[in-house]
Every structure is written in structure tokens, then in C-alpha cells.
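Accompanying notes for the structure given below.
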Amino acid sequence: MSAVVIVGAQWGDEGNGKIVDIYTEFADVVVRYAGGPNAGHTLVVGDEKIVVRLLPSGILRRGTRCVLGQGMVVDPGVLIDEIDGLVKRGHTDVEQRLVLSDRAHLILPYHIQVDTLREASADTRAIGTTKKGIGPAYEDKARRTGVRTGELRDLARLKTRIEAALDAWAPTIRALGGEMPSLSEILDSLAQSATRLVPLLGDTSSLVDGAIRRRQKVMLEGAQGTLLDLDHGTYPFVTSSSAVAGGAAIGSGIGPNRIDTVLGITKAYTTRVGAGPFPTELDDADGQHLRKVGVEFGSVTGRPRRTGWLDLPALRYAARVNGLDALALTKLDVLTGMSRIKVCVAYDTPRGRVTDLPIDELDNLEHPPVPVYEELGGWTERIEGARVLDDLPRAARAYVRFIEEQSQVPLYLVSVGPRRGETIVLHNPFVGRAAAP
Ligand code: IMP
């Protein structure tokens, strides 16, 4: 049995695309279990840079089965465009390798409309969403007016479901000053999408469970990151799905006891897109260095990401709520050239100094927890060529070891550049020993 969950340990954009892509060389099946096209996983292969929003990052590996699990919300137009884009680039077998859960929920035009109107409205608290309709689609799921992908098989039934959903949304759309969308336009567009998507539909819970029982290697790929999780993130500045490792069982339809290893990904620093607390945020030349050198601009929205130092209490929190067995550290190369590197190791709060993340106090404007930093030495040498830890400059090695010791999670991988090969692989969760990417 070998099922590995890969989960972002921060606020998303930890470099999941590259890490999943590296390990999927060893995986038979890759499953996305939560979120929707709010994600943007960047894959760099040779000189080609591809951003996937819905498709699992394993999609570029020939022979890998890719699954969109029922924990996801899927915008049919985005999915079809993404498939066509890859086919145009020569990845012609994408549809043969892809299975879409017939229980995933559809993102429909009114979800995007409500998301966008709310973000623009002075009456609601904008949280800087990606405006891809994620929140309203999950709201529909929870209030039992959602439309599932399986309903694309029966267009008459689909019509009734969408009529009911439009009735439910009408007061909200009108209160936000929006025009009611046209039912017939939605149905025409869905009828076209159905011809492409119905052949991809399947019972993905049986597929994934069956693969695990046959001892195939299964990778369960998260999106968005722990601190954006609906239950465990910095609520209400979160996304609307279960991004944490526990979400992998629900979102893919397997029992939690089927999962062997949970691997968390953290950048060597921190970023966040959108509103919400970010205690180690930098608003100075160091912050600009991280944004510029790390190319920290949203891959879906193009928005500049907020940047800051690594937050170890947050990483320990992620280790707890996900049950991290292993850690992948990404973007270490971005720190090259900084004369010194600060790391948050604790917080000063009205209760005293704490080493856990005081997550529910982070937006206390009167007494915000104050990060306590430790300062480590920087390095100037380029590190993209490092393939084992000993290739790194001494200060970089010390930094990596410090993170491992402080988080108490064994390090499995260090990414030293954007390309697939620019990686130090220490352990592989599928084979248990070092294997070059
Ligand atoms: P939503 O998921 O579009 O509803 O956005 C909710 C919050 O999650 C916003 O702060 C977004 O910026 C953030 N968010 C959603 N998806 C991602 C992601 O893939 N990376 C980073 N932030 C994200």
C-alpha cells in the first residue's frame, strides 16, 4: 500500500506543482482532492513553463492516471481549455489519462458573478478571493443546491437543478445589484461542455481505492495550503475547501487509514495572496527581494504576492493539523544574496511567549501577537547546481538544518531552482531512499 498526500504547509503557492511533478515519476495515479481553478500549479519542464489550474500536476507524465476528485469544484470551460491547451502543446493523451469524479461540483456563471460582486461591494468584507466562483460553488454544495458533474449526463435533470439554484441565488444577486444570468445561455454552454466532459466521468472513489488495493502508488495532491483551509486556516480569510491532509480522504473518497505518508511543502520564506493576517510580512527591501527574485506574482490572478520571513510556529501548526511525516523545502535559491535571514521562532502575546501559532489571536488589532525572530547568516554563492546537501554553502546548510530541527519534521527534499532537476532529493516517499529526479 502506498498513498502519499502532498499538502502546502503555508498560505498556498509553496511550489506544489514542481514537487508533485518530481514524485509522480514514481506514482501510478495522481489525484487532486480539493479546490478548483483558484489554484495555479506551475510546472517547468525544459524550457517549457505550464500552469495547471484544475488538472493534477502529474498530467505531464505519460502513463500517469490523473483524477479530479469529488472534493473539487470544477469550472467546465476552464477544464476544457486546459485540456485543449496541453493537447496543442503535444500532450495528446491527456483525455485518455484523465478521470473526472461524477460527484465533483460544477462552478457555474452565477458563482463567478456572486464572487466578483461580493469582492467589489462595500457592504461585504472583501477577502481578496481569486474571483473564480469558489466560495459560492461550495456554498451551493453545503446548502444542497449545487450541481454535480454527473448531472451533465441528463440535460433535462440538469435544467431543473439549475433553475432551483438560480431561484436560491436570485435574492443575493439582486441585493448585490447584479443582473440575473440567462438560464438558456447557461444550458447551451453546458450542453456543449457535456459532450466533452461526460466521457471523462467516473466513480473516482472506487478507482483510487482499487488502485491502492492493487498496491499501485497513489499521490493525493492538495491545493491552496493549510492556512487557507476552511477549518484550520486564518478564518474568515480562507478558501472554502478542506485543503489539509484530512481533506484528501474526503475529497478523493478513500478511508484515512489508506494514507501512508503526509508530506508538507514549505517555502524557505512565506507568501500570501489576498487579505488576512500575515505576522512575518515584510514591507521593505527584503520583502521586495523575495517578490522579485522569487517571482512572487499570482499564477492565476497575476497579483503581487505579499512576502515575509519563514514562520516556524506556523510550520509547527501545519505539522500538527496535517500530521506531517515529511517536509519539502522550496525556493531556497531565492534567499541567495541576502546578507542575513530572519526566522520567526515564537510569538509574544498578552499570555506570554508561545512557540505555537496563536492562530485565533492573529487578527486581534489591539494586541496582535508579535513575532520573535532569530537571525541566521546569509550566503552569496549560486546554489542551483547543488544535488546533495553538502553541495550547499555552509550558511544555507545551517538554515536548512535549523528548519528541520525546529519543525521536528524530517526533510525529504530541498528545491534549489525552478527546474525539475534543480533539486536535492533526500528521500522519496514512494521508494524510501534518495532517487535523483
Ligand atoms: P478563493 O479560494 O478564490 O475563494 O479565495 C480565498 C482566499 O484564498 C484568497 O485570499 C485567495 O487569494 C486565496 N487563494 C485561493 N487559492 C489560492 C492559491 O492557489 N494560492 C494562494 N492563495 C490562494
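Order of appearance sets the numbers: ligands from 1, and atoms from 1 within every ligand.
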Starting from atom 10 (O) of ligand 1, locate the nearest protein heavy atom and write down its residue, its atom name and how far away it is, to 0.1 Å. Val273 O, 3.2 Å
Nearest non-hydrogen protein atom to atom 9 (C) of ligand 1, with distance, is Gly128 O, 3.2 Å
Taking 4.0 Å as the limit for heavy-atom contacts, which would you say applies to Trp11 with ligand 1: side chain only, backbone only, both, or neither? backbone
Looking at every non-hydrogen atom in both residues, tell me the closest pair between Gly417 and Asp333 and how far apart they are. N-OD1, 3.5 Å
Counting only heavy atoms, tell me which of Leu228, Asn38, Leu227 gets closest to atom 14 (N) of ligand 1. Leu228
Can we say Glu119 and Lys132 salt-bridge, meaning some charged N sits less than 4.0 Å from an Asp/Glu carboxylate O? no
Would you check if there is a donor-acceptor pair between the side chains of Gln10 and Thr266 at a distance under 3.5 Å? yes
Test: Asp102 and Arg148 ion pair at under 4.0 Å: no
Contact with ligand 1 for Ala223, non-hydrogen, under 4.0 angstrom: no
If you measure from the Lys or Arg side-chain nitrogens to the Asp or Glu carboxylate oxygens, is any gap between Asp28 and Arg65 under 4.0 Å? no
Nearest protein heavy atom to atom 3 (O) of ligand 1, by residue and atom, and its distance? Thr130 OG1, 2.6 Å
Atoms of ligand 1 close to Arg303 [distance to a heavy atom under 4.0 angstrom, numbered from 1]: 12 (O)
Pi-cation contact, Trp169 with Arg118 (under 6.0 Å, within 45°): no
Please determine whether any non-hydrogen atom of Gln224 lies less than 4.0 Å from an atom of ligand 1. yes
What protein heavy atom sits nearest atom 21 (C) of ligand 1, and how far off is it? Asp13 OD2, 2.9 Å
Proximal ligand 1 atoms for Thr129, defined as those under 4.0 Å from one of its heavy atoms: 1 (P), 3 (O), 4 (O), 5 (O), 9 (C)
Give the residue and atom name of whichever protein heavy atom lies nearest to atom 2 (O) of ligand 1, and the separation in Å to one decimal. Thr239 OG1, 2.6 Å
Check whether NZ of the Lys or CZ of the Arg Lys342 lies under 6.0 Å from the centre of the six-membered ring of Tyr373 and within 45 degrees of that ring's axis. yes
Does a salt bridge link Glu296 with Arg291, judged by any charged N lying under 4.0 Å from a carboxylate O? no
Show me which atoms of ligand 1 lie under 4.0 Å from any heavy atom of Val238. 6 (C), 7 (C)
